[in-house]
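A, B, ... follow the sequence lines: proteins, then strands. Residue 1 opens every chain.
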Amino acid sequence: MTEYTQLQQIRLQKIEELRTQGINPYPTRAERTHTSLQAIAALEAAPEGEPVPATLAGRIRATRPMGKLSFAHIEDGAGKIQLFFRINELGQEKVDFFNKMFDLGDFIQAEGLMMRTRTGEPTLQVTDFRMLAKAVSPLPADKDVEQPDGTIKRYAALEDPELRARQRYADLAVNPQVRETFRKRAAIIKALRNFLDSNDFLEVETPILQPLYGGAAARPFTTHHNELEQDMYLRISFELYLKRLLVGNLERVYEIGRDFRNEGVSYKHNPEFTQLEFYAAYFDYLKVMDLTEAMIGHVCDAVFGSRKFTFEKEPGKVYELDFTSWRRLEMRQGILETSGIDIAEHPTAESLFQAIVTRHPQAKPDPTVTRGKLIDFLLGEFLEPTLIQPTFLYDYPRDISPLAKPKPGDPLTVERFEGYAAGFELCNAFTELNDPLDQEQRFLDMQEDYDDDEEEKNPLDEDYLRAMRYGMPPNGGFGMGIDRLTMLLTNNRSIREVLLFPASRNEA
RNA sequence: GGGCGCGUAGCUCAACGGCAGAGCAGUGGCCUUUUAAGCCAUUGGUUCUGGGUUCGAAUCCCAGCGCGCUCACCA
């Protein structure tokens with residue numbers, strides 16, 4: 001049984017009072033002729049003295065009752081506008097009715113003529129109004145006050161990150177900049193689609209519920225299909241299904257959707273996240289690099305009209321990011337410059353481990369892992385934090401890249417690159433391995449490398465190998481976290497700020 | 001998982017071993033161009049939960065729950 005606060009009980013009484021007066025506090029239909037901004041524009045466009053009738057609908061955000069008149073601000077999807085209730089037009093009874101029965105947060109429909117107040121503010125002088133939806137709970141915010149210089153000053157607001165995420169509806173209702181972030185997010189995704197569509201990519205949908213998982217090194221979520229009597233997994237990547245489509249002569253495909261990884265939660269990790277992957281026949285990783293640069297540039301232009309962004313990674317740590325052109329840095333070179341170790345001189349895990357602990361006694365690499373994982377350690381420890389400006393880091397160790405094609409003449413290295421900005425990984429791409437015999441061997445190697453970790457070990461996907469044996473064109477593939485891109489472009493330092501409903505524990 | 005920090009009214013926060021408070025929101029009153037409207041009055045608390053120390057705990061200690069930051073993990 002819901003327990004209501006005193007504030008809520010007062011509003012419940014008002015709902016009852018409305019019903020006893022024969023007024024439905026939640027009517028089925030609503031009317032409006034203008035949004036707030038349309039009404040203001042209509043007033044500005046109309047000749048002096050010509051009446052501008054309008055019917056508006058929105059949520060009450062502020063009221064200023066003054067006895068024989070009353071002002072209110074309502075907010076709709078477009079913006080805010082002031083309402084003016086006066087006994088001259090409405091009579092004392094209706095003004096009292098408004099003051100008594102309407103609260104902050106209620107949705108109201110108001111009809112009247114547009115006017116300007118003494119201070120010049122475009123305002124609807126109300127001749128009739130009605131309740132559209134009564135709010136039981138007050139919105140958790142006080143007031144936004146627009147200062148003379150046009151900035152918004154907030155006197156008190158919903159700020160607790162937990163509450164804001166758990167009650168995103170309330171966060172969105174009271175924090176306009178949060179709405180803006182999610183509009184930007186939608187625009188980013190739309191721009192990505194536009195770009196890929198206009199480059200002859202076909203948007204496809206592949207299974208989220210899979211009998212086997214693969215395409216990334218991550219622990220999956222497991223579920224069960226009752227009728228099929230088999231366990232299923234939520235996908236950890238799209239890769240293996242999208243590449244099956246290349247076998248089927250779909251030359252350029254992409255998918256935007258959700259991946260699920262049963263791993264830690266952090267400022268840049270959420271258990272489900274939105275991924276873009278594309279694959280293009282006859283591309284190699286250099287062509288993918290060019291396309292990526294063009295694609296991100298297109299998103300910047302289309303959504304923001306600029307390729308320069310300010311990103312505050314930590315309080316006071318502000319970066320100016322420029323996505324006009326990406327630096328291209330060979331991983332070996334980057335690691336050499338930042339750690340002083342040349343990985344090419346250490347072809348075995350043992351040799352590389354010794355080099356690391358000798359040169360960096362304070363570093364704590366895991367002595368049991370492969371050479372590739374040690375290189376990844378060097379990358380994360382020394383190189384990654386320095387990759388502030390957009391950078392393509394290329395040529396990765398083979399053993400941590402089981403789906404990438406070897407670099408000709410270099411058996412330890414594959415044609416793979418990752419895009420970095422502001423010190424974190426944004427995307428991952430490679431020249432895709434299309435040799436079914438090599439692919440099978442890689443799967444088998446993985447079984448050994450991940451011997452200690454049953455779940456993170458990619459299961460051997462026989463059907464994928466069967467597909468590849470029919471012939472897969474040479475191709476380049478790409479994956480990018482949309483959430484991280486949105487973080488960078490909207491200056492949000494936590495992934496939770498760009499997810500409408502980030503993962504949370506059950507409420508106690 | 002480790003470390004640090006936080007949890008007090010609807011919201012934002014004080015009080016830090018001695019009567020649980022403020023602003024806004026709410027309620028009642030005055031007020032015909034306000035815009036943080038103003039003025040007067042006033043309601044509202046399991047101080048996250050459970051133990052403990054103490055004459056006395058929001059405050060100190062222990063445990064738990066939740067969250068934040070950070071480290072680890074994370075192709």
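With sequence neighbours excluded, no residue forms a ring-ring contact (aromatic ring centres under 6.0 Å, His included) with A/Y396. With sequence neighbours excluded, the residues that form a side chain to side chain donor-acceptor pair (under 3.5 Å) with A/Q82 are A/R64, A/T123. Every residue was checked against the side chain to side chain donor-acceptor pair (under 3.5 Å) condition with A/T127, not counting sequence neighbours, and none meets it. For A/R11, the side chain to side chain donor-acceptor pair (under 3.5 Å) criterion is met by no residue, not counting sequence neighbours. When the salt bridge (charged side-chain N to carboxylate O under 4.0 Å, His left out) test is applied to A/K405, no partner is found at least two apart in sequence or on another chain.
Remark: B/G50 base-pairs with B/C62. Criterion, Watson-Crick or G-U wobble with two distances under 3.5 Å. With both pairing distances under 3.5 Å, B/C16 is matched to nothing as a Watson-Crick or G-U wobble pair. A 3.5 Å limit on both hydrogen-bonding distances identifies no Watson-Crick or G-U partner for B/C74. When both distances must be under 3.5 Å, the Watson-Crick or G-U wobble mate of B/A57 does not exist. Base pairing analysis places B/C31 opposite nothing; no Watson-Crick or G-U wobble pair with both distances below 3.5 Å involves it.
In this structure, the CD atom of A/E263 is 5 Å from the C1' atom of B/C74, given to the nearest Å. Rounded to a whole Å, the CE atom of A/M66 is 13 Å from the P atom of B/C39. Protein atom CE of A/M101 is 15 Å distant from nucleotide atom C1' of B/G26, rounded to whole Å. When the P atom of B/C11 is taken as reference, atom CZ of A/R164 falls 15 Å away, rounded to whole Å. Computed from coordinates, the A/F377 CZ to B/A72 C1' distance equals 11 Å when rounded to whole Å. For the pair A/L378 CG and B/A75 P, the interatomic distance rounds to 16 Å; values are reported in whole Å. Separating the CZ atom of A/F221 from the C1' atom of B/C74 is a distance of 13 Å, rounded to the nearest angstrom.
Listed candidates were B/A75, B/U32, B/U43. Nearest to the side chain of A/R416 is B/A75. If you check B/U27, B/U43, B/A25 against the side chain of A/D103, the one that comes closest is B/U27. Listed nucleotides: B/U32, B/A75, B/G26. Nearest to the side chain of A/I10: B/G26. Closest contact between the side chain of A/F71 and the listed nucleotides B/A75, B/C74, B/U33 involves B/U33. The side chain of A/R166 approaches B/G66 more closely than any other nucleotide in the set B/G66, B/G10, B/U33.
In this model, the phosphate group of B/U70 is not approached by any side-chain N or O of A/K268 to a distance below 4.0 Å at OP1 or OP2. OP1 and OP2 of B/C73 both lie 4.0 Å or more from every side-chain N or O belonging to A/R219.
Using a 4.0 Å heavy-atom distance criterion, A/E121 is classed as a base contact. At the heavy-atom level, A/N88 lies under 4.0 Å from base atoms of the strands shown. Using a 4.0 Å heavy-atom distance criterion, A/F84 is classed as a base contact. Base engagement by A/I87 is indicated by at least one non-hydrogen atom pair under 4.0 Å involving a base atom. At a threshold of 4.0 angstrom between heavy atoms, the contacts of A/S401 with the nucleic acid are absent. A/R496 comes within 4.0 angstrom of sugar-phosphate atoms only, judged by non-hydrogen atoms across all strands, and of no base.
Here the separation of B/C67 from B/C31, taken at their C1' atoms, is 45 Å to the nearest Å. Using P as the reference atom, B/C16 and B/A58 are 14 Å apart when rounded to the nearest Å.
For A/E93, the CD atom counts as loosely surrounded, since its 6.0 Å shell holds 12 or fewer non-hydrogen atoms of other residues, nucleotides or ligands.
Atom OH of A/Y254 and atom CD of A/E277 lie 14.0 Å apart (nearest 0.5 Å).
Taking the nucleotide of RNA chain B with the nearest heavy atom to each of A/L69 and A/Y267, the more 5' of the two is matched to A/L69.
Relative ring orientation between A/F392 and A/W326 is described as parallel, the plane-to-plane angle staying below 30° on a 0-90° scale split at 30° and 60°.
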Short heteroatom pairs, N/O only, protein and nucleotides 28-30 of chain B, under 3.5 Å:
none

